[in-house]
Amino acid sequence: MAVLLALAVLGGLGLGSRPPPGLLEGLGLFALLVLARRQPAGWLPLAALVGVTVGLLLVRGAGLPEGLIREDLAVEGRLVAIAEEERLTRLTLEVTACRPLAEGRPDCDRLRRVRLSAFEAPPMQPGERWALTVRLRPPAGFANPHTFDYEAWLWREGIQATGYVRREPPSRRLAESTPGLRARALSHLEGRMLPPRAERWLAALTLGAGDRLTAEDWALLNASGTTHLMVISGLHVGLVAGFALLLGRGAARLATPGRWRLAVWPWWLAGAAAAGYATLSGLEPPALRALVMALVGLWVASGRHAPGPWQGWWLALAVVLAIDPLSAWRPGLWLSFLAVALLILAWQGRPRPRGVRGWLWALVRTQLLLAPVMAAAVLLAFARLAPAAPLVNLVAVPVVSSLLVPLGLLGWLLAPLPPLSALCWWLFDRLAEVLARWLEAAVAWVPLWLPEPALVTPLALCLGLVALLWVLPGLVGPLRAAGSLALAAVALTLAPSGIPHGQLEVRVLDVGQGQLVELRTAGYRVLYDAGPRFASGFAPVSVLWPPGQHFDEVIVSHDDIDHAGGVAVLAERHRVGRFLAPPGEEIGVPFSPCRRGDSWEHDGVRFRFLWPPAETSALSSNDRSCVLEASVGEQRLLITGDVGRQVERAFLLEAEAPVTLLVAGHHGSQTSSGPQLVQWLTPRQVVYGAGRHNAFGHPHDEVVRRFRAAGSCQWSTALDGALTFRLGGEAGRAVESTRRQPWRWGGVGADCHALESP
């Protein structure tokens with residue numbers, strides 16, 4: 001039944017996330033067939049299948065109507081989370097009421113959760129109810145290869161719209177917050193004046209308050225492969241259940257000395273304590289999984305019907321996904337279940353360890369078996385590898401599980417006795433400090449490795465196969481060793497495929513309403529523009545690459561904030577050979593001027609500037625933009641910055657035609673891409689670097705129609721995310737569109753779509 005229930009839930013996830021035509025009718029017929037057989041055993045899986053499917057369909061259908069984008073809406077709701085950033089406050093709001101302020105607009109009463117930005121917000125606390133005037137848009141994020149998928153994060157957090165709080169009319173507090181037990185516990189912890197690191201780690205380890213950890217904490221945990229230690233897991237729930245059971249059985253022995261072994265209530269007490277603690281910690285998916293499996297373990301240990309460990313695993317999977325279907329899109333959920341499945345596979349049928357030596361060997365064996373498969377899973381989920389993780393976890397796991405967690409929980413248990421509680425937490429602080437220094441030393445010795453994207457999947461496959469060789473029963477030792485050595489040899493020979501000589505890779509990155517283009521040859525790397533910087537202070541360039549990248553040159557077309565906003569980030573975090581910008585501009589760093597006629601060549605690719613002239617004082621900032629042309633044989637790239645039509649006509653005769661790839665001027669604004677440029681260059685591919693649902697209407701409908709008439713394939717980062725092209729060989733076409741949608745692939749030509757004007 002547990003397996004059938006889990007499969008029904010997984011089926012509901014598949015149907016609800018990608019509903020086929022006639023889904024509801026088909027579910028109705030299936031339900032009638034199951035009910036007609038009058039077998040109650042099949043009703044529970046049917047209910048799970050239907051419930052999960054309908055739940056996901058309701059989530060998918062609760063989005064913001066298109067007619068309410070950038071409209072003023074009056075919303076009321078309860079604040080779920082608050083995060084203070086440099087210049088704004090991030091709010092997560094559970095919506096209880098929503099209505100548009102303008103007449104004749106669609107309803108928005110289906111919205112349930114939104115994420116808002118508030119500038120100069122009044123003091124706010126989680127749990128308060130507020131009335132706000134907001135402007136919203138559908139949830140979206142930048143879509144760039146091998147970066148954090150913000151849109152997917154919004155989906156799995158159940159956020160149906162994002163936006164900002166309007167200052168007028170002013171926001172109103174409707175009700176004060178009523179702090180729950182967890183909030184009071186965190187407040188109590190803040191009042192104990194613990195060292196900052198001890199307070200953060202204690203909150204995360206015992207209360208599941210991972211939001212208290214700083215970026216530095218997460219960086220250290222990620223680099224050392226110990227992120228899993230800061231999650232409320234089976235260890236925490238098991239300790240609480242075990243202590244409650246021990247306490248209950250001791251009380252039963254005192255109350256009924258002759259019948260204490262038959263007492264049932266201590267097991268119920270242990271189950272209630274485990275459930276209460278998991279709820280207190282926030283009942284996140286790993287904690288819920290641990291709770292279900294702890295309850296199954298208590299049931300088995302009490303001498304009742306003993307389901308196998310796999311039945312508990314499938315039951316936990318079914319319960320977690322049925323309660324929170326969106327957790328299926330959280331990598332942490334599958335990492336948690338994968339680790340438990342591996343432990344079951346590794347230890348099922350083996351005798352229980354005996355003595356100190358036996359338990360030490362069990363710990364070492366478990367960590368060595370977990371290391372490769374968890375490294376493979378983390379590689380696939382987050383594209384990073386912590387080489388120090390196996391060694392670090394041999395020390396960190398027993399320290400956390402046997403010392404830190406028990407000391408932290410004991411401190412809470414002794415909270416009514418402040419001196420004893422303070423002693424426990426003082427010891428916790430000392431141990432946490434020693435552990436942190438050990439992690440820092442290990443990371444300094446073997447730092448976090450971010451492999452090339454092309455290596456991620458092959459490396460993960462090799463690591464996973466190594467784990468299977470040592471976990472699967474029945475294999476002889478020499479076969480395991482030989483297979484592991486062979487896979488290691490394969491992994492060492494893997495190398496990312498480079499760009500051949502005589503080819504140019506062009507990647508137009510998705511940075512919202514701004515521009516950032518990366519150009520790469522076999523041995524040359526240049527950026528055209530640095531992307532925008534938003535009012536919050538955030539610059540998208542800060543999340544596109546890990547620190548320490550080398551760029552031979554960064555060409556800044558002009559100093560508008562949507563083109564030069566990330567210059568400071570590039571100068572601070574990366575190694576830039578030199579910056580180039582038009583004469584007369586100010587980009588915040590020293591730069592060499594880009595001038596008409598300058599040319600250079602790398603790896604068989606020729607670059608030259610078509611604009612600006614040496615004298616630019618009479619030109620506006622937009623019309624000073626560096627206009628770059630790159631040629632590979634008969635294929636050409638042209639990037640025109642924000643120059644207007646008059647400037648386009650000034651350099652047009654110098655540009656070689658036809659153009660293979662054109663990055664449209666000024667994001668597709670009507671002020672650029674004039675008729676003469678379009679007719680003379682007849683570009684095969686056109687890309688608009690524009691923000692999704694931008695307020696400027698880019699690309700302009702007149703510009704879109706003009707390129708349509710010229711037979712150009714048109715792309716927009718707002719719709720397609722980052723776009724990658726190759727010039728040279730069989731190049732000149734899109735080789736990667738980060739946000740692929742099936743309806744876009746039936747337009748003009750075999751590899752482009754028809755971008756319609758508004």
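Values in this document were obtained by computation on a predicted structure and should not be read as measured data. In this chain, residues are counted from 1 in sequence order.
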Next item on the list: Output, in order, the C-alpha distance, side-chain angles, deciding distance and verdict of side chain to side chain donor-acceptor pair (under 3.5 Å) for H188 and R184.
Entry: CA-CA 6 Å; H188 172 78; R184 290 198 293 270; over 6 Å; no
Determine whether [X] and [Y] make a side-chain contact, defined as any pair of heavy atoms from C-beta on separated by less than 4.5 Å.
{"X": "L189", "Y": "W412", "value": "yes"}
{"X": "L413", "Y": "L409", "value": "no"}
{"X": "R192", "Y": "S421", "value": "yes"}
{"X": "R249", "Y": "W267", "value": "yes"}
{"X": "L326", "Y": "L56", "value": "yes"}
{"X": "L288", "Y": "I323", "value": "yes"}

Closest approach of [X] and [Y], non-hydrogen atoms and distance?
{"X": "A294", "Y": "V237", "answer": "CB-CG1, 3.9 Å"}
{"X": "L379", "Y": "P451", "answer": "CD2-CG, 3.7 Å"}
{"X": "A376", "Y": "A460", "answer": "CB-O, 3.3 Å"}
{"X": "L13", "Y": "P325", "answer": "CD2-O, 3.6 Å"}
{"X": "T206", "Y": "Y277", "answer": "O-OH, 2.6 Å"}
{"X": "S177", "Y": "Q125", "answer": "OG-CB, 4.2 Å"}

Distance-only, no hydrogens or angles: does the [X] side chain make a donor-acceptor pair with backbone N or O of [Y] under 3.5 Å?
{"X": "R60", "Y": "S17", "result": "yes"}
{"X": "S281", "Y": "A278", "result": "yes"}
{"X": "W334", "Y": "A328", "result": "yes"}
{"X": "D324", "Y": "V320", "result": "no"}
{"X": "S187", "Y": "A183", "result": "no"}
{"X": "D149", "Y": "A152", "result": "yes"}
{"X": "E94", "Y": "L79", "result": "no"}
{"X": "N144", "Y": "D510", "result": "yes"}
{"X": "R182", "Y": "L207", "result": "yes"}
{"X": "R330", "Y": "R156", "result": "yes"}

Checklist line | Residues forming a ring pair (Phe, Tyr, Trp, His ring centres under 6.0 Å) with W426, sequence neighbours excluded | finding: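 By the ring pair (Phe, Tyr, Trp, His ring centres under 6.0 Å) rule, W426 matches no residue at all.
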Notebook entry, point to check: For W155, what residues pass the ring pair (Phe, Tyr, Trp, His ring centres under 6.0 Å) criterion, not counting sequence neighbours?
Noted result: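 For W155, the residues satisfying ring pair (Phe, Tyr, Trp, His ring centres under 6.0 Å) (neighbours in sequence not counted) are W329.
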Value rounded to 0.5 Å, distance of [atom1] in [X] from [atom2] in [Y]:
{"X": "E216", "Y": "E440", "atom1": "CD", "atom2": "CD", "answer": "11.0 Å"}
{"X": "F428", "Y": "W201", "atom1": "CZ", "atom2": "CH2", "answer": "8.0 Å"}
{"X": "L439", "Y": "L221", "atom1": "CG", "atom2": "CG", "answer": "7.0 Å"}
{"X": "T214", "Y": "R200", "atom1": "OG1", "atom2": "CZ", "answer": "4.0 Å"}
{"X": "R197", "Y": "L435", "atom1": "CZ", "atom2": "CG", "answer": "9.0 Å"}
{"X": "W425", "Y": "L202", "atom1": "CH2", "atom2": "CG", "answer": "5.5 Å"}

Note to self: The criterion is salt bridge (charged side-chain N to carboxylate O under 4.0 Å, His left out); which residues satisfy it with R212, sequence neighbours excluded?
What the structure shows: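 Expected list: E190.
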Checklist line | Partner residues of R437 under the salt bridge (charged side-chain N to carboxylate O under 4.0 Å, His left out) criterion, sequence neighbours left out | finding: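 Per chain and number, R437 pairs via salt bridge (charged side-chain N to carboxylate O under 4.0 Å, His left out) with E433.
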Item checked: Derivation and outcome, side chain to side chain contact (heavy atoms under 4.5 Å, CB included), residues R112 and V95 -> CA-CA 5 Å; R112 289 295 174 264; V95 179; 5.6 Å; no
Note to self: Enumerate the ring pair (Phe, Tyr, Trp, His ring centres under 6.0 Å) contacts for residues 437-458, please, sequence neighbours excluded, ordered by first and then second residue.
What the structure shows: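 Qualifying pairs: none.
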Next item on the list: Assess whether side chain to side chain contact (heavy atoms under 4.5 Å, CB included) is satisfied between L93 and R78, documenting all intermediate values.
Entry: CA-CA 6 Å; L93 186 75; R78 183 178 66 89; 5.7 Å; no
Next item on the list: Go through the steps for T92 and R113 under the test side chain to side chain contact (heavy atoms under 4.5 Å, CB included), then give the verdict.
Entry: CA-CA 7 Å; T92 303; R113 176 174 284 212; 4.1 Å; yes
Notebook entry, point to check: Stepwise, does the side chain to side chain contact (heavy atoms under 4.5 Å, CB included) test hold for T162 with V114?
Noted result: CA-CA 6 Å; T162 60; V114 298; over 6 Å; no
Please tabulate, for the side chains in residues 466-475, all donor-acceptor contacts under 3.5 angstrom to protein atoms that are two or more places apart in sequence or on a different chain.
unit_1: W470; atom_1: NE1; unit_2: S484; atom_2: OG; d: 2.7

Check: Taking the inter-plane angle between the rings of W313 and W310 on a 0 to 90° scale, is it parallel (under 30°), tilted (30 to 60°) or perpendicular (over 60°)?
Finding: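 Perpendicular: the ring planes of W313 and W310 meet at over 60°.
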